[in-house]
Undergrad: 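This is the structure, below, for whatever I ask next.
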2 protein chains.
Amino acid sequence: MAGIKDVASHAGVSVATVSRVLNGHPTVRPATRALVLSAVAELGYRPNAVARSLRTHQTRTLGLVISDVLNPFFTELARAVEDAARSRGYSVVIGNADERPDLQDHYVRTLLEHRIDGLLVSPTDGGSAPMLESARASVPMVFVDRWIAGIDVPVVHADGHGAVRDLVAHLHALGHRRLAVIAGPETTTTGNERVAAFRAALAAHGLPLPDAYIGKGDFQTESGRRATAAFLELPEPPEAVFATDNLMALGAMDELRARGLRVPDDMALAAFDDIPWFLHTDPPITAIAQPTTELGHRAVHALTDLVEGRDAGSVTLSARLIARRSCGEDERNEGNRR
Amino acid sequence: MAGIKDVASHAGVSVATVSRVLNGHPTVRPATRALVLSAVAELGYRPNAVARSLRTHQTRTLGLVISDVLNPFFTELARAVEDAARSRGYSVVIGNADERPDLQDHYVRTLLEHRIDGLLVSPTDGGSAPMLESARASVPMVFVDRWIAGIDVPVVHADGHGAVRDLVAHLHALGHRRLAVIAGPETTTTGNERVAAFRAALAAHGLPLPDAYIGKGDFQTESGRRATAAFLELPEPPEAVFATDNLMALGAMDELRARGLRVPDDMALAAFDDIPWFLHTDPPITAIAQPTTELGHRAVHALTDLVEGRDAGSVTLSARLIARRSCGEDERNEGNRR
DNA sequence: CTGAAAGCGCTTACAG
DNA sequence: CTGAAAGCGCTTACAG
C-alpha cells in the first residue's frame, strides 16, 4: 500500500505538503494541490489512520459498549448512535457485553487501549474496575439508558415512571389485581427502577407486590421463560405479568406457548421497550416505548460535546405506554407504533 | 495517561524491557518482570494500541461490513462473528451499510484507513470502487451471506435451493397455485438467487412466475409493505407470498394488518430467515432458517486463516424449511425453533 | 507557500 | 538478560 512518501516523490513535493493538502490546509498553491491530488489518485493512496492518530492524539472514534446486541432496543440505539456520530465526523466501534460484566470490562479495556476519543456505555453492572479506571483516566464518558451511581458523568436516559403508572392503571382498569413483574439484574439501574416504579404504582392502587411476584431476570430471553414458569407454579399465579424488557417478554411467551396457555386469557402480559414485532404477535403486546433514536442522538451529542471541550449535562426523556391487546380487550386504548 | 516511559523509569529499567515483559518475551529475568508488572499496576498503565499497531503493522482487528443492523439475521451474524473473533484474539469493528452502497463504501474505506487486518463483508451491491480497491490492496477479505461475482475471495454462505424447493412443495400441497415473491435488490446475490430458486421450484410444479408476482424489494420493511400493497391491487392477487427476508415479511404483515386482512386466509406468507419472533406472530410464520451462527464462525475462521497466512476456501452450508401456520393449516409439519 | 526536522508511543534487531 | 537506537507513517511548529 502506497505511503505518504510515495505520494510526495510522485508529485515532486515534500511529505509536509502532501499532508497539508490532505488536511485541507489553506496555504497551499492550487497548482501544488492539483499535483498532489493526482498523485494520490494515481497511487490509490489511503492515509494511514493509525499513524495519524498516534501523531494527533485523537482517533475520531467513539466507543459504544452495549448490554446486548441481540436485544432490538440496543440494536436500534446503536443504529442511532452510529448515525449521529457519523454526521459529526466520528466512527463508532461497538462492544457487545452480552449482559456479562466480564465481557463489558474486556471491551472498555480494549476500547481504552485503542484510544477512542470518548466512551458511551450502557453498563451491565454496578461499577467494575475498568469502568472506574476509565473515569479516572478522564476519557470523556457518557452513560446511556443505564448508568452507575457514583460515577459522575452525564446520563442520557428515559424516565419510565409515568408510563409504568399508566400501565398499572391500564391493568387495574382491566380488572387485574394480582400483578407480577420480571425484573432485570439488581446491579443495573433499569433493573431496579422499573421494578420500583411498578411497586410504587401498585401501591397507589392499594395493591401489594409480594416477593413471589418479583421474578429474577437478567434481561435475556431464557430468564423470562424461567420466571414465568415459576409464576405459573405458584398456588395463586399472577393475572398479569410485566416483563421489564422485550427479550424477557419473548421468554414469557415461549413458556406460555409451551404450556398451551393464552395471552391475555390465562395471563396478561406487558413489556418495557416496544419493538416492531409487538404489533404482530398473538396477541399484539402492550408495551412501554422509549424514544430510542433520540436517546442515541442525545447521547452522542453529549459525548462529542465533552470530547470537543464543551460542557454537557444529563438529559432525561420520557417513555410512553402503548396499549394493545395483551392485557385484555380495551379497544379504546388500542394504539399503533410509528 | 501513563506511557511506557513512565513505567520504565518507575521500574528502573529501559522501555525495551517493559515492552518485553508486556509481550511475554521469554528472556526476562523473573525479578525484572515482577518489578515491571508492579510498576504497570501502580500506574494503571494501559498500552497504546495505536502506537503498537503502527510499529507492528497489524491491528488484531477485523472489519465487518453488514447490510443492515436492524435486521435480526445480521445482528445474529454479527454476534457470531464477534464471538469467534474474540476467541481467536481479534477485535471486530462493525460498519452498518443500511443497504446503501454509498454507506458501505464509506465503511470499507474507513476500515481500510484504520488498517484492519482483514475484512468480512456482506455486500449491498454488485461491486463498487472501494471494494475492488480493497481487493486490489490485497487486504485479506471474505464474503459472508452475499458476495460479488468477479472478486475472487472465499465466500461463506448458505445455499437455500433445497429449502426453497421444500417451501414451494409445502405451498403446493396446501393448495396454493398463485405464488408471488418479494425480491431483494438485483445487485445482490441473495436478492437474485432466492427469486431464481423460487422460480425454478415453481417450474418443477408447472407453475409460472409472472412479472407482476415479483415484488421489487430492498430487504427493508417499507419495501415489503409496498410490494404487498401492489400485489393486493392486482386483478388476481397471489394466494401466497414469499418474502425473501424477515424485514420484508414484517412489512407484508404491516400492510395486511392495515387492510384488515388475515394470514393465511387472505394471503399465505413465508419468509427467508427465521427469527425468534416468528414463533409468536399471528399466525406463526413459516420460514427458511439459515445456520447463522455457523456462518459467522466459519467466516471468521476463513478470514483469520487468510490473515495469518494460511489458505482458506469457500464454504457452503444449507438452509432448511421450518413450516408453521402462515401458509395454511398442516399440523403434520408444525415445527419449532430452538 | 513550502521544506527539513522533531516527535507521537511503541517494538525489535543489534550489541554487549 | 538488558539497553540504546532506529523506525513505523504521519502532523506540525519553525524557518525561510
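Just so it is clear: chains get the letters A, B, ... in the order the sequence lines come, proteins before strands, and each one is counted from 1.
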Undergrad: Please determine, for dA13(D), whether a Watson-Crick or G-U wobble partner exists with both distances under 3.5 Å, and give it or none.
TA: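 Across all strands, not a single nucleotide pairs with dA13(D).
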Undergrad: Suppose we define a pair by two distances each less than 3.5 Å, Watson-Crick or G-U wobble; what does dA4(D) pair with here?
TA: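 Answer to the pairing question: none, since dA4(D) forms no Watson-Crick or G-U pair.
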Undergrad: Please report the distance, rounded to the nearest Å, between NE2 in H57(A) and P in dA13(D).
TA: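 Whole-Å distance recorded here is 12 Å.
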Undergrad: Looking at E82(B) and R86(B), does any basic side-chain N land under 4.0 Å from a carboxylate oxygen?
TA: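 Looking at E82(B) and R86(B), the cut-off is met.
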Undergrad: Expressed in angstrom and rounded to an integer, what is the separation of R52(B) atom CZ from dT12(C) atom C1'?
TA: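 Answer to the nearest Å: 13 Å.
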Undergrad: Between atom CG in D6(B) and atom P in dG9(C), what is the gap in whole Å?
TA: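 Rounded to the whole Å, the gap is 9 Å.
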Undergrad: Side-chain N or O of T17(A) versus OP1/OP2 of dT2(C): is the shortest distance under 4.0 Å?
TA: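 Checking T17(A) against dT2(C): no side-chain N or O falls below 4.0 Å of OP1 or OP2.
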Undergrad: Taking atom P of dC14(D) as reference, at what distance in whole Å does atom NE2 of H25(A) sit?
TA: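 Result: 14 Å.
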Undergrad: Does dC10(C) have OP1 or OP2 under 4.0 Å away from a side-chain N or O of S19(B)?
TA: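 Answer no for this pair, as no side-chain N or O of S19(B) is under 4.0 Å from OP1 or OP2.
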Undergrad: Consider the side chain of A16(A), meaning its heavy atoms from C-beta on, and name the nucleotide among dT12(D), dC10(C), dG9(D) that approaches it most closely.
TA: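 That would be dT12(D).
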Undergrad: If you only use heavy atoms from C-beta on, which nucleotide in dC8(C), dG3(C), dT11(C) is closest to the side chain of T56(B)?
TA: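 Among the listed nucleotides, the one closest to the side chain of T56(B) is dT11(C).
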Undergrad: Between P on dT11(D) and CZ on R20(A), what's the gap in Å once rounded to a whole number?
TA: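 Whole-Å distance recorded here is 11 Å.
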Undergrad: Just to be sure I understand the rule, does V13(A) reach a base, reach only the sugar-phosphate, or reach nothing, if contact means heavy atoms closer than 4.0 Å?
TA: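 Contact class for V13(A): sugar-phosphate only.
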Undergrad: Rounded to whole Å, how long is the line connecting atom CZ of R55(A) with atom P of dG7(C)?
TA: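 Those two atoms, CZ and P, are 9 Å apart.
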Undergrad: It should be established whether Y45(A) places a side-chain nitrogen or oxygen under 4.0 Å from OP1 or OP2 of nucleotide dC10(D).
TA: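 Affirmative; the distance criterion is met.
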Undergrad: Separation of I4(A) atom CD1 from dA4(C) atom P, in whole Å?
TA: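 Whole-Å distance recorded here is 14 Å.
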Undergrad: Taking the side chain as everything from C-beta on, heavy atoms only, tell me whether E42(A) gets closer than 4.5 Å to V7(A).
TA: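 No, too far: nothing below the 4.5 Å cut-off.
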Undergrad: Side-chain donor-acceptor pair under 3.5 Å between T75(B) and T75(A), yes or no?
TA: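 Side chains of T75(B) and T75(A): pair found under 3.5 Å.
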Undergrad: Can you see if the side chain of T27(A) gets near the phosphate of dC1(C) - specifically, an N or O under 4.0 Å from OP1 or OP2?
TA: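 It does not, given that no N or O in the side chain of T27(A) lies less than 4.0 Å from OP1 or OP2 of dC1(C).
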Undergrad: Could you tell me the separation between the NZ atom of K5(B) and the C1' atom of dG3(D), rounded to a whole number of Å?
TA: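 After rounding, the reported distance stands at 15 Å.
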Undergrad: On DNA chain D, nearest-nucleotide positions of A51(B) versus G12(B): which is more 5'?
TA: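 Residue closer to the 5' terminus by nearest nucleotide: G12(B).
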Undergrad: Is there side-chain contact between R109(B) and R46(A), with heavy atoms separated by less than 4.5 Å?
TA: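 A side-chain contact under 4.5 Å exists here.
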Undergrad: If each of P26(A) and V15(A) is mapped to the nucleotide of DNA chain C with the nearest heavy atom, which maps nearer the 5' terminus, i.e. the 5' end?
TA: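 Counting from the 5' end, the first nearest nucleotide belongs to P26(A).
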Undergrad: Which of the following nucleotides, dC8(D), dC10(D), dG3(C), is nearest to the side chain of L54(B)?
TA: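 The answer is dC8(D).
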Undergrad: Have a look at T293(B) and tell me which of E76(B), R79(B), R298(B) forms a side chain to side chain contact (heavy atoms under 4.5 Å, CB included) with it.
TA: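 Among the candidates, only E76(B) passes.
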Undergrad: Strictly by modelled atom types, are D125(B) and Q104(B) linked by a side-chain donor-acceptor pair under 3.5 Å?
TA: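 Side chains of D125(B) and Q104(B): pair found under 3.5 Å.
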Undergrad: Any side-chain N or O of N23(A) under 4.0 Å from OP1/OP2 of dT11(D)?
TA: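 Indeed, a polar side-chain atom of N23(A) lies that close.
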